[in-house]
Amino acid sequence: MSELRLYNTASRSVEPFTLPEGVPAVRLYCCGPTVYHFAHIGNLRTYVFEDVLRRGLEYFGFAVKHVVNITDVGHLTSDEDEGEDKMEKGAARTGKTVWEVADFYTQAFMKDIALLNILNPSVWCKATDHIQEQVDLVQTLESKEYTYRTSDGIYFDSAKFKRYADFARLDIDSLQEGARVDKGEKHNITDFALWKFSPVETRRAMEWPSPWGVGFPGWHIECSAMAMKHLGQTLDIHCGGTDHVRIHHTNEIAQSECATGKPFARFWMHGEFLRMGESAKMSKSSGEFLTLDVLIRDGFHPMEYRLMALTSHYRNYLNFSYDALENARESLKALRKKTDPLIGQGGSIGSTKAKEWQAKFREAIGDDLNTSKALGILNLMLKDTLQDYEKSALVRDFDSVLGLGLDTPLTVVREAASVDAAKVEALLVERKEARASKDFKTSDRIRDELAAMNVVIKDGPQGTTWEVKNGK
RNA sequence: GGCGACAUACCCAAGUUGGUAAGGGAUGGCUCUGCAAAAGCCCUAUUCCCCGGUUCGAGUCCGGGUGUCGCCUCCA
């Protein structure tokens with residue numbers, strides 16, 4: 001039986017994953033979205049990776065307690081008082097209150113991940129529901145003298161955490177030199193806010209009382225506070241996007257380990273970025289970005305995007321392009337052609353050969369979630385000479401990790417573009433008559449006419465079927 | 001300026017401790033078809049950005065070069 005091995009950012013190497021004695025379920029925490037805007041498809045790539053991780057853990061027999069946070073507090077764009085509050089910006093953009101904005105984009109996010117067949121975590125937790133926990137954690141740090149006060153907030157003194165630079169392998173000196181922002185009142189460039197005071201002259205849309213005055217929590221503290229509340233002081237796996245390594249996770253480690261004196265997480269895993277072909281950046285702050293909704297509007301199915309994400313390894317960057325997505329679409333179509341007839345065949349993995357395929361698949365997933373290799377194995381397995389019921393069982397088994405929904409018919413996500421079905425049917429009857437009398441000129445004309453309406457027809461043994469062609 | 005990643009066929013992409021280039025899509029060929037589409041079958045890298053080196057043997061290790069990209073500010 002192969003084991004599960006995962007890449008740990010902390011050690012920069014692939015390590016066997018096991019659970020400590022007495023821990024019944026994997027304590028998994030994934031950094032969730034800041035709900036001030038739609039998630040773009042780059043964000044979603046990371047959630048697909050985390051979903052595969054969670055499914056992979058379960059495939060290897062681990063129970064998983066999976067916690068994902070919703071960041072619904074607006075944070076400034078830097079730890080200084082510069083920039084705009086993202087939530088308030090979102091409110092200004094949409095004409096809603098910050099609370100409505102948070103709710104709206106939370107719902108939108110939930111819809112996206114459901115469409116991508118991403119399993120719901122065991123716990124969703126919102127930052128605004130855990131203000132007290134965050135205040136408590138800051139107080140603990142304060143009592144241990146890791147904090148100091150400036151005119152705008154309570155800060156963590158990173159110089160007091162000797163291992164601060166270790167996790168991200170930071171070179172603090174060169175950071176100082178190349179720094180783009182002034183450290184302001186901060187003692188060190190790497191210090192960060194734990195609690196920010198509301199400006200004296202204005203009221204913020206979101207603010208809470210605290211021992212230090214009315215204000216709001218710093219960005220990093222929420223993850224530590226919520227992760228510890230729901231999972232305990234040490235997590236088994238903490239994950240997020242690769243951009244979190246240097247700042248967010250470094251700070252989480254600092255504040256958490258200083259507060260508890262214990263390791264914060266045993267494994268750290270990070271998904272690499274999705275990049276745009278024309279070097280356009282996948283960033284929400286730059287304005288233009290692609291959402292799942294846009295892809296759907298362009299005629300793509302969310303599963304096509306999921307498959308595209310699965311074709312590459314989560315630790316490699318993936319270039320997004322419509323070409324690549326179309327590739328995934330054809331690929332999924334061809335795959336489903338083979339798997340659809342197997343749906344509902346029951347059966348179990350019994351023969352030696354079937355078990356060998358399963359072992360190969362398991363090894364690929366166990367190899368730091370090598371979904372690309374796993375997909376190759378799926379394809380080869382489908383070509384092999386196995387009984388259909390065994391293939392069916394294997395597809396179900398593999399899909400429990402891949403999450404492509406191969407064990408159920410593909411759901412229609414987008415209603416076929418508005419086409420007058422009655423007219424299409426009438427034309428098809430006309431064409432059928434023309435063909436019967438060998439009037440191929442007319443029949444071809446009708447097909448062209450239908451093509452102009454974006455309708456593609458297929459003549460089969462059971463008669464002619466048609467569908468509306470989607471996509472660009 | 002500082003740090004880092006990557007470079008495999010037309011495209012996406014895997015390649016474990018070096019042992020003789022997965023898989024998918026597209027293209028092409030064939031079968032089928034009034035013609036198409038659909039379906040089925042088959043083929044597609046003596047070679048892994050370049051130049052050296054180590055080795056019996058390197059895409060895989062070492063050195064140098066070139067190129068692309070990312071991060072260093074909120075960002076998955």
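Atoms considered below: every heavy atom in the structure, side chains included; atoms not considered: hydrogens, waters and symmetry mates. Note that the coordinates shown come from a computational prediction; the quantities given were computed from them, not determined experimentally.
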- prompt: Under 4.0 Å between a side-chain N/O of A:Asn316 and OP1 or OP2 of B:A14, yes or no?
  reply: yes
task: Determine whether the aromatic ring centres of A:Phe264 and A:Tyr29 lie less than 6.0 Å apart.
output: no
- prompt: Going by an N to O cut-off under 4.0 Å, is there a salt bridge joining A:Arg447 and A:Asp444?
  reply: yes
- prompt: When the nearest nucleotide of RNA chain B is assigned to A:Asp323 and to A:Cys31 on a heavy-atom basis, which residue is associated with the more 5' position?
  reply: A:Asp323
field: Contact pattern, 5' to 3', of nucleotides 16-33 of chain B - B, S or - by protein heavy atom under 4.0 Å
entry: ------BSBSS-------
- prompt: Does the ring-ring contact (aromatic ring centres under 6.0 Å, His included) test come out yes or no for A:His249 and A:His270, once each step is laid out?
  reply: CA-CA 10 Å; A:His249 289 165; A:His270 297 91; 4.9 Å; yes
- prompt: Contact class for A:His270 vs. all strands (heavy atom < 4.0 Å): base, sugar-phosphate, or nothing?
  reply: nothing
message: Could you tell me how far B:G59 sits from B:U46 if I compare only their P atoms? Round to whole Å.
response: 13 Å
query: Is the A:Phe167 to A:Trp268 ring centre distance short of 6.0 Å?
result: yes
task: Using the C1' atom as the reference point in each nucleotide, state the distance between B:A7 and B:G15 in Å, no decimals.
output: 15 Å
task: Determine the Euclidean distance between corresponding C1' atoms of B:C43 and B:G28; express it in Å to zero decimal places.
output: 8 Å
Stem segments of RNA chain B by first residue number [Watson-Crick or G-U, under 3.5 Å, at least 3]: B:1-7 with B:66-72, B:10-12 with B:23-25, B:28-31 with B:39-42, B:49-53 with B:61-65
field: A:Ile118 CD1 to B:A76 P, straight-line distance once rounded to whole Å
entry: 14 Å
message: Could you tell me how far B:G23 sits from B:U44 if I compare only their P atoms? Round to whole Å.
response: 11 Å
- prompt: Does A:Arg447 get its side chain close enough to the base of B:C35, under 3.5 Å, for a donor-acceptor pair?
  reply: yes
query: Taking the side chain of A:Asn43 as heavy atoms from C-beta outward, which of B:C12, B:C71, B:A76 is closest to it?
result: B:A76
field: Same-atom distance (C1') from B:A76 to B:C49, integer angstrom
entry: 30 Å
message: Check this for me, if you would: do A:Lys360 and A:Glu356 make a salt bridge, where the nitrogen-to-carboxylate-oxygen distance has to be below 4.0 angstrom?
response: no
Between CZ on residue A:Phe60 and CZ on residue A:Arg55, distance to nearest 0.5 Å: 15.5 Å
- prompt: Where the side chain of A:Arg431 is concerned, which of B:C3, B:G34, B:C69 is the nearest nucleotide?
  reply: B:G34
field: B:A58 and B:A21, which share atom name C1', separated by this distance in whole Å
entry: 12 Å
query: Using the rule for Phe, Tyr, His and the six-membered ring of Trp, do A:Phe273 and B:A76 stack at under 5.5 Å and under 30°?
result: yes
query: Over how many whole Å does the gap from A:Lys438 atom NZ to B:C35 atom C1' extend?
result: 12 Å
- prompt: When the C1' atoms of B:C41 and B:C32 are considered, how many whole Å apart are they?
  reply: 11 Å
- prompt: At under 4.0 Å between heavy atoms, what does A:Gly271 touch on the DNA or RNA strands: base, sugar-phosphate, or nothing?
  reply: nothing
query: A:Ser312 has a side chain; which of B:G70, B:C74, B:A14 sits nearest to it?
result: B:A14
message: What contact category does A:Tyr317 fall into here, base, sugar-phosphate, or nothing, at under 4.0 angstrom with non-hydrogen atoms?
response: sugar-phosphate
field: Closest-nucleotide 5' rank along RNA chain B - winner of A:Lys441 and A:Tyr47
entry: A:Lys441
Candidate pair A:Phe38 and A:Tyr105, rule ring-ring contact (aromatic ring centres under 6.0 Å, His included), full reasoning: CA-CA 6 Å; A:Phe38 291 108; A:Tyr105 289 115; 5.0 Å; yes
message: Using a 6.0 Å cut-off, check whether atom CD of A:Glu363 has over 12 heavy atoms from anything other than its own residue.
response: no
task: Look at A:Asp368 together with A:Arg5 and state whether they make a salt bridge at an N to O cut-off of under 4.0 Å.
output: no
query: Between atom CZ of A:Phe17 and atom CG of A:Asp236, what is the distance when rounded to the nearest 0.5 Å?
result: 5.0 Å
field: Nucleotide of B:C12, B:A76, B:G34 approaching A:Ala324 most closely (side-chain heavy atoms)
entry: B:C12
task: Please state the C1' separation for the pair B:G19 and B:G24 - nearest whole angstrom.
output: 27 Å
query: Which part of the nucleic acid, if any, lies within contact of A:His244, taking any heavy atom under 4.0 Å across all strands shown: a base, the sugar-phosphate backbone alone, or nothing?
result: sugar-phosphate
- prompt: When you check the gap from the basic side-chain N to the acidic O, do A:Arg306 and A:Asp51 get nearer than 4.0 Å?
  reply: yes
